[in-house]
Peer 1: 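Below is a structure I'd like to ask you about.
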Amino acid sequence: MRKVADCRDYPSETNCTLTISGEEDEVVRAASEHAVSVHGHTDSAELRGQIRGMLKDEVPQHA
């Protein structure tokens with residue numbers, strides 16, 4: 001099952017609208033890089049754990 005991280009679910013000062021989808025490890029890696037570079041978070045195992053806990057299952061387009 002593909003996973004999704006969507007910045008729109010977590011309002012920020014930048015009003016970010018990025019959505020990342022893919023296999024869980026790919027999404028966690030990309031979302032953590034995004035959180036650091038765009039939102040100013042510090043890269044850590046804790047950040048990646050928080051992101052992993054916030055992922056949602058991707059809903060197939062044909063569903």
Side-chain angles (χ1 to χ4, degrees):
M1 169 79 47
R2 288 169 51 97
K3 298 291 184 176
V4 176
D6 190 338
C7 279
R8 295 173 297 179
D9 291 338
Y10 309 97
S12 67
E13 293 175 5
T14 61
N15 294 315
C16 187
T17 63
L18 182 69
T19 300
I20 301 168
S21 67
E23 296 297 321
E24 185 170 329
D25 288 342
E26 295 172 320
V27 174
V28 170
R29 182 176 57 249
S32 64
E33 291 172 5
H34 172 74
V36 169
S37 67
V38 174
H39 298 288
H41 293 280
T42 300
D43 187 20
S44 66
E46 181 180 354
L47 174 65
R48 291 186 294 279
Q50 289 173 343
I51 291 170
R52 192 175 299 277
M54 295 186 292
L55 296 180
K56 297 179 180 177
D57 292 339
E58 183 178 65
V59 178
Q61 291 182 13
H62 60 277

Peer 1: Could you measure the distance from the CD atom of E23 to the NZ atom of K3? Nearest 0.5 Å is fine.
Peer 2: 10.0 Å

Peer 1: For L18 and V38: C-alpha separation, side-chain torsions, deciding distance, then whether side-chain contact (heavy atoms from CB on, under 4.5 Å) applies.
Peer 2: CA-CA 11 Å; L18 182 69; V38 174; over 6 Å; no

Peer 1: R52: which residues meet the salt bridge (Lys or Arg N to Asp or Glu O under 4.0 Å) condition with it, sequence neighbours left out?
Peer 2: E24, D25

Peer 1: What is the distance from atom CD of Q50 to atom OH of Y10, rounded to the nearest 0.5 Å?
Peer 2: 10.5 Å

Peer 1: Name all residues meeting the side-chain contact (heavy atoms from CB on, under 4.5 Å) criterion together with R48; count only those two or more places apart in sequence or in a different chain, and write none if there are none.
Peer 2: V28, S32, D43, A45

Peer 1: Looking only at heavy atoms, what is the nearest atom pair of V36 and L47, with distance?
Peer 2: CG2-CD2, 4.1 Å

Peer 1: Hydrophobic cluster membership, with links at side-chain heavy-atom distances under 4.5 Å among I/L/V/M/F/W/Y: are V4 and I51 in one?
Peer 2: no

Peer 1: Looking at CG of L55 and CG of D9, how far apart are the two atoms once the value is rounded to the nearest 0.5 Å?
Peer 2: 10.5 Å

Peer 1: Compare every heavy atom of E58 with every heavy atom of M1, then report the nearest pair and how far apart it is.
Peer 2: SD-O, 3.7 Å

Peer 1: To check you understand the geometry: which heavy-atom pair defines the closest contact between T17 and D6, and what is its length?
Peer 2: O-OD1, 4.4 Å

Peer 1: Could you tell me which non-hydrogen atom of G22 sits nearest to which non-hydrogen atom of V27, and how far apart they are?
Peer 2: N-CG2, 3.2 Å

